[in-house]
Colleague: 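Dropping the structure in here first, questions after.
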There are 2 protein chains.
Amino acid sequence: MDQALVEEIRERLDEFTTTERRAAQALLANFPLLGLQTVAQFADAAGVSSPTILRFVARLGFPGFPEFQRRLKFELENQLKAPLARDLALPSGDTGCGNAFADKLVENLRETFQHLPEREIEAFVRLLADERRTVYLLGGRFTDALARYMAAHLRIVRSGVHHMAGQESNWLDQLIGMGPKDVLVVFDIRRYQAGIVRFAEAAAKQGVTVGLITDSWMSPVARISQHVLPVRVAVPSPWDSSTALMAVAEVLIAGVTKENWQRSEQRMQALEALRNGADPVRPLESDDGEA
Amino acid sequence: MDQALVEEIRERLDEFTTTERRAAQALLANFPLLGLQTVAQFADAAGVSSPTILRFVARLGFPGFPEFQRRLKFELENQLKAPLARDLALPSGDTGCGNAFADKLVENLRETFQHLPEREIEAFVRLLADERRTVYLLGGRFTDALARYMAAHLRIVRSGVHHMAGQESNWLDQLIGMGPKDVLVVFDIRRYQAGIVRFAEAAAKQGVTVGLITDSWMSPVARISQHVLPVRVAVPSPWDSSTALMAVAEVLIAGVTKENWQRSEQRMQALEALRNGADPVRPLESDDGEA
DNA sequence: TTACGTTTGTATTTTTTGTTACAGAATTGC
DNA sequence: GCAATTCTGTAACAAAAAATACAAACGTAA
């Protein structure tokens, strides 16, 4: 038994009669769940009659519909691999969640969005969605991960996205090419890093539009930024929290994706195709390399 | 409708009667496929009678078994759909980066912590705080940024922290040295990456303790993990959200920092001194290279 | 156009499945 | 230790789903 009913169906598509093919395509469009419904529901969704479904299944070589479903479940099982939770014996215990830290995170998030000027977000999104501009992303010691994360997403929905990684000296190489048409997105929270500030100022001097995501105390980069999104970062811990930063980054990503959904969808599909065609495993763009 | 029947069942485990609990455990052990079989098969697999299954389902609040199955299928559907296929039903009109999205982020965060077994977090923290163990962090296409972020912090408060970056083939070099004394922290959300799963399994085979941070549908890595922290990731966007993942990562970081505050403080001071003495600007550990 | 084979849907039958009633077993409280 | 309550499985019942028979529709070739 080879593991791929989908493929078999797709391959044998022209063996079927006209209506049977309708059934097949409906199934492929919603695989495998449509096949796990009842015959009647399947038939209804495909716009054919029940017997057609049965004949379709029979032609695939199954003695009956239940056998067909058994096969679907079998394949699903392999795909999902049951999550064996060995600790479910643990009775729920105290609901806890009284975790002060967690509470603070939630509050930060709420506060952040409450005070975030919607207009600023929209403008920021439009800026990032404009494909005529090249986008550069820069983060600090800890926020570098966020710049990286945002770059990974933006790169999917648009071209011309660069994450500035590694040593400060390497950034300078990119600075040369930057101009008024470009955008620099900076993540910078306390303690503000001198190198970041320096770089942002240099970029601004070249006419680059700067967008800043920072904490409520505002990185000095704000002085030369066209767009500033202040975010709550304080938590009961020696560290500052990046959770709200991540949230804001995701709002921006979602915004850009939607701002030009046509383009986003096309690119996503193309990438998906590439991924499937080329190496199903894990290309993991090694990121930085785009220098 | 909150997206997590599994969680609800796990939480309400002690509301059930003895045999009903047997049914629940069987279902959790083989979720969600066992629930898609017939009542009789379900009952048989759980070693109870059919009516017990029906009573179990009824206690969960479903009017009948078919309705229960419909819910399972619904959740499965969301889990299986590629980002593109997921409905974009952004509440009409507004920017798409507006409040619906933000609200969902806040809700996700709250829900995540509500369902996170405090005990699991504590155990996870103790594991990570144990300096005799070497800690390896691994993430997927987007979650790599989180692994990186967590590594950057952990590295400050303890030694022996490795972030597995770049190509999958490079990870294997590290696999050689890993053993029962070590910990592998995996970030993996849908769509789960085959490479990650493979690596985690290989590590587990060598006796490595695996801790997993995943979405509520559970990466297959869960099967071989000692600690699993499920997190809410669904948002009204073609992407999944990493905000709650970031939050959980920060809870862990804060926990480890506090677990051995003496050591953490010392190391932080020492690092500060180094930073000031050597290069006040920005060393930005180029991360990966620590091998 | 007509005749024949194929394809398709309606209506019916048969089988399976979910559901419920009830009585025996286990547990709890007094 | 006994009674009341709760829990659990057997068995009968009702609902549904799958399978089938058959006739109408369609297409094709003479």
Side-chain angles (χ1 to χ4, degrees), chain A residues 5 9 12-77 88-89 91-92, chain B residues 5 9 12-77:
Chain A
L5 237 192
I9 294 174
R12 298 176 49 186
L13 215 57
D14 40 357
E15 287 181 31
F16 304 123
T17 69
T18 322
T19 45
E20 280 168 20
R21 202 168 309 132
R22 277 233 291 288
Q25 275 166 343
L27 177 60
L28 288 176
N30 188 356
F31 193 89
L33 253 93
L34 188 57
L36 291 178
Q37 313 283 85
T38 69
V39 174
Q41 289 173 307
F42 188 167
D44 199 50
V48 302
S49 69
S50 304
T52 299
I53 300 296
L54 276 317
R55 283 188 285 261
F56 161 64
V57 168
R59 200 182 300 268
L60 276 173
F62 293 95
F65 196 73
E67 286 81 2
F68 167 71
Q69 291 196 319
R70 206 170 307 146
R71 167 68 174 273
L72 287 178
K73 285 175 194 160
F74 174 79
E75 291 198 0
L76 247 186
E77 191 169 13
L88 29 80
S92 55
Chain B
L5 237 193
I9 294 175
R12 296 176 49 186
L13 252 167
D14 40 358
E15 286 181 30
F16 303 123
T17 68
T18 321
T19 44
E20 280 168 20
R21 203 168 307 135
R22 277 232 289 288
Q25 309 250 27
L27 176 60
L28 288 176
N30 188 355
F31 192 89
L33 255 92
L34 187 57
L36 291 177
Q37 313 284 85
T38 68
V39 174
Q41 290 172 305
F42 188 168
D44 199 49
V48 301
S49 69
S50 303
T52 299
I53 300 296
L54 277 316
R55 283 187 285 259
F56 161 65
V57 168
R59 199 180 303 267
L60 277 174
F62 295 94
F65 196 72
E67 285 82 2
F68 168 71
Q69 292 196 319
R70 206 169 308 145
R71 167 69 173 272
L72 288 179
K73 284 175 195 161
F74 174 78
E75 292 198 0
L76 247 186
E77 191 169 14

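Predicted, not measured: the structure shown is a model, and the values here were computed from it.
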Colleague: Regarding R71(A) and E75(A), does a basic nitrogen lie under 4.0 Å from an acidic carboxylate oxygen?
Modeller: yes
Colleague: Roughly, in whole Å, what's the span from CG in L36(A) to P in dA17(D)?
Modeller: 14 Å
Colleague: Does a side-chain heavy-atom distance below 4.5 Å link F56(A) with V48(A)?
Modeller: no
Colleague: Nearest-Å distance, CZ (F68(A)) to P (dA19(D))?
Modeller: 12 Å
Colleague: Are any of the side-chain heavy atoms of L72(B) and L76(B) separated by less than 4.5 Å?
Modeller: no
Colleague: Please list all pairs meeting salt bridge (charged side-chain N to carboxylate O under 4.0 Å, His left out) that have one or both residues in residues 23-32 of chain A, counting only residues at least two apart or in different chains.
Modeller: none
Colleague: Less than 4.5 Å apart, side chain to side chain, heavy atoms only: is that true for L36(A) and Q69(B)?
Modeller: no
Colleague: Where along residues 40-54 of chain B does a heavy atom come under 4.0 Å from DNA chain D, residue by residue in number order?
Modeller: S49(B), P51(B), T52(B)
Colleague: Rounded to the nearest 0.5 Å, what's the gap from NZ on K73(B) to CG on L34(A)? Could you check?
Modeller: 10.0 Å
Colleague: Over how many whole Å does the gap from E67(B) atom CD to dA15(D) atom C1' extend?
Modeller: 13 Å
Colleague: By nearest nucleotide on DNA chain C, pick out whichever of V39(B) and T17(A) is the more 5' one.
Modeller: T17(A)
Colleague: Do side-chain atoms of R55(B) reach the backbone of T17(B) as a donor and acceptor pair under 3.5 angstrom?
Modeller: no
Colleague: Please state whether the rings of F42(B) and F65(B) are parallel, tilted or perpendicular, taking 30° and 60° as the class boundaries.
Modeller: tilted
Colleague: Using whole Å, what does the distance between atom C1' of nucleotide dT8(D) and atom CZ of R59(B) come to?
Modeller: 12 Å
Colleague: Give the first and the last nucleotide of DNA chain C, reading 5' to 3', that has any atom under 4.0 Å from a heavy atom of chain A.
Modeller: dT7(C) to dT10(C)
